[in-house]
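Note sheet for the following structure.
By convention in this document, chain letters (A, B, ...) are assigned in the order of the sequence lines, proteins followed by strands, and residues within each chain are numbered from 1. FYI, side chains are in, hydrogens and waters are out, and symmetry mates aren't considered; it's all heavy atoms of this structure. Quantities reported herein were computed from a predicted structural model and do not represent experimental measurements.
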Number of protein chains: 2
Amino acid sequence: MKMELKHAILGLLSIRPLSGYDLSRAFAGTVAHFWHADRSQIYRTLDRLSAAGAITTEVIPQDGKPDRKVHSLTDVGREMLTEWLSSPVEADQPKEPFLARLFFAAPIGREGVERLFDERDRQVNESLAELASITIEADDLTARLQKATLRNGLLHAEAEREWLRETRQLLGIVEPPQNPEERP
Amino acid sequence: MKMELKHAILGLLSIRPLSGYDLSRAFAGTVAHFWHADRSQIYRTLDRLSAAGAITTEVIPQDGKPDRKVHSLTDVGREMLTEWLSSPVEADQPKEPFLARLFFAAPIGREGVERLFDERDRQVNESLAELASITIEADDLTARLQKATLRNGLLHAEAEREWLRETRQLLGIVEPPQNPEERP
DNA sequence: CACACATAGATGATCATGCACCTATATGTG
DNA sequence: CACATATAGGTGCATGATCATCTATGTGTG
């Protein structure tokens, strides 16, 4: 089943009603390690979900700030969600810019590769920090599934770190800088 | 820098000249763990690379089989490649259909989650088998980088397996089937 | 006081991607 | 003999995704 963003939004709204802006923050935070969407796409998808009768929208005026349009699932939306959850999982179609570069990096030589590794170190450390900052309090099925997903991200981030260490040695590349504070 | 497919193709052609069909097999095999592209997209990108003067094309007639159009890098193409390799690595924008489903899987309950795990087991085992079947003979920088990339895929696949085992326990889900041979 | 940023929603243009389908021929399988 | 698959190239269409930009207001920073 395609059109994943649609389903990711249905999923997020099944946890609690959210505005488009809230959704974009979720895609930048809680679910960032397994899905991505920018705001323009979110608003358009919300339009389509609304047209399909999957969500209802309540406008909540705020003072000082712009109005919020808070979207909730309808029965139709809930059905769409479970139908998606019950359908076969599609194959991954991985797009990993770092590995793509590394694979073809011979023309930029060892120094170039070293730069790639330094950049990757930073990326991994950042995403690890972001993942570590997420906390889930509850302990029902929903919360446990979220924790499991989070742990998946953490394990892969750690695996990536380990691989970086190992591969740096293997390629005879110097160790990563210990104090990356001092950059102009 | 965007338009990764363009650069992935330049990278593959920097290793050796290939036809569009060859490229599609590479995307289904050697580089499948970090990039994906379907054939229609490959042919279109080749057209654009050709128009940009990055590749030249030689038509090689074959008997019994259709003609091959074998593409090679030009100096312009090589320059485009090194420029890309030298540019900053863009952030990952992960799309992981399995994790997306798991995160929102509460409505389908434990049985549903169990099904998701079984499917994931199969996916991981398949991609692990594919990765394990790839062998790289040489030992120059190009080959070492390819081996490193391959090892990255293997490590993550193993990490995923480990996570599956651990998470099954945590969620109190029965162990995966030991003999998945007998499927109709 | 200028500027950036967070909040909140959105549009237009463009590019990338995926899916279905088409042309050919040779070989393999039920 | 029908059908599927591999080889090799490709088109057309619809959707998905990205980028820049717009409208407002309040708050914080140099």
Side-chain angles (χ1 to χ4, degrees), chain A residues 1-10 17-29 31-32 34-52 55 57-71 84 88 90-97 100, chain B residues 1-10 17-29 32 34-52 55 57-71 84 90-97 100:
Chain A
M1 201 175 285
K2 342 97 253 233
M3 277 182 284
E4 295 284 333
L5 178 57
K6 186 172 88 175
H7 299 113
I9 288 176
L10 290 174
L18 295 168
S19 71
Y21 197 76
D22 294 336
L23 285 166
S24 84
R25 269 182 306 191
F27 282 109
V31 305
F34 63 82
W35 212 261
H36 172 265
D38 83 351
R39 294 203 294 126
S40 66
Q41 205 188 338
I42 290 168
Y43 288 122
R44 271 185 267 255
T45 306
L46 284 171
D47 285 345
R48 266 184 291 134
L49 284 172
S50 189
I55 58 174
T57 304
E58 197 192 346
V59 180
I60 297 178
Q62 303 185 115
D63 42 73
K65 293 175 194 168
D67 294 358
R68 287 164 52 79
K69 289 187 171 184
V70 176
H71 310 280
W84 170 63
E90 52 279 81
D92 288 11
Q93 300 185 356
K95 308 251 160 123
E96 303 201 33
Chain B
M1 202 175 285
K2 345 94 253 231
M3 275 183 284
E4 295 283 333
L5 178 56
K6 185 171 90 176
H7 300 113
I9 288 176
L10 289 173
L18 295 168
S19 71
Y21 197 76
D22 295 335
L23 286 166
S24 83
R25 270 183 307 192
F27 282 108
F34 63 83
W35 211 260
H36 172 266
D38 83 352
R39 294 202 296 125
S40 66
Q41 207 189 336
I42 290 168
Y43 288 122
R44 270 185 270 253
T45 307
L46 284 171
D47 286 345
R48 265 184 291 136
L49 284 172
S50 189
I55 58 174
T57 304
E58 197 191 346
V59 180
I60 297 178
Q62 303 185 116
D63 41 75
K65 293 175 194 167
D67 294 358
R68 286 163 54 79
K69 288 186 171 184
V70 177
H71 310 280
W84 171 63
E90 51 280 80
D92 287 11
Q93 300 186 356
K95 307 251 159 123
E96 302 200 33

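- Considering NE2 of B/His36 and CG of B/Leu5, their distance stands at 10.5 Å, rounded to 0.5 Å.
- Taking side-chain N and O atoms only, B/His36 has no distance below 4.0 Å to OP1 or OP2 of C/dT17.
- Phosphate proximity of C/dG9 to A/Lys65: absent, as no side-chain N or O sits under 4.0 Å from OP1 or OP2.
- The distance from the CD1 atom of A/Ile55 to the CG atom of A/Asp47 is 8.0 Å, given to the nearest 0.5 Å.
- A heavy-atom distance below 4.5 Å is found between the side chains of A/Ile9 and A/Leu46.
- Atom CZ in B/Arg68 sits about 7 Å away from atom P in D/dG9, given to the nearest Å.
- Look at B/Lys95 and A/Asp92 and you find no salt bridge, because none of the NZ, NE, NH1 or NH2 atoms lies under 4.0 Å from a carboxylate O.
- The CD1-P distance, from A/Ile42 to C/dA8, rounds to 14 Å in whole Å.
- Among the atoms of the strands shown, none is found under 4.0 Å from any heavy atom of A/Lys6.
- Scanning residues 18-28 of chain B for heavy-atom distances under 4.0 Å to DNA chain C yields an empty list.
- Taking atom NZ on A/Lys95 and atom P on D/dA17, their separation rounds to 10 Å, with Å as the unit.
- Side-chain N/O atoms of A/Gln62 include none lying less than 4.0 angstrom from OP1 or OP2 on C/dT7.
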Look for any protein N or O under 3.5 Å of an N or O in nucleotides 10-12 of chain C and output each such pair with its distance, or none.
from	atom 1	to	atom 2	distance (Å)
C/dA10	OP1	A/Lys69	NZ	2.5
C/dG12	N7	A/Arg44	NH1	3.3
C/dG12	O6	A/Arg44	NH2	2.5

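- Side-chain contact check for A/Gln62 versus A/Asp67: every heavy-atom pair is 4.5 Å or farther apart.
- Put simply, the side chain of A/Phe27 reaches to within 4.5 Å of the side chain of A/Val31, judged on heavy atoms.
- In terms of phosphate contacts, A/Gln41 brings no side-chain nitrogen or oxygen within less than 4.0 Å of OP1 or OP2 of D/dC19.
- Taking atom CG of residue A/Leu5 and atom C1' of nucleotide C/dG18, one finds them 16 Å apart after rounding to whole Å.
- Among the nucleotides C/dA8, C/dA24, D/dG9, the one closest to the side chain of B/Pro66 is C/dA24.
- B/Asp67 comes within contact range of the sugar-phosphate backbone alone, with a heavy-atom separation under 4.0 Å but no base atom that close.
- Residues B/Pro97 and A/Glu90 come closest through the heavy atom pair CB-OE1, 3.6 Å.
- Within the 4.5 Å cutoff, side-chain heavy atoms of B/Arg39 are placed close to those of B/Tyr21.
- Side-chain polar atoms of B/Ser19 and B/Asp22 form a donor-acceptor pair below 3.5 angstrom.
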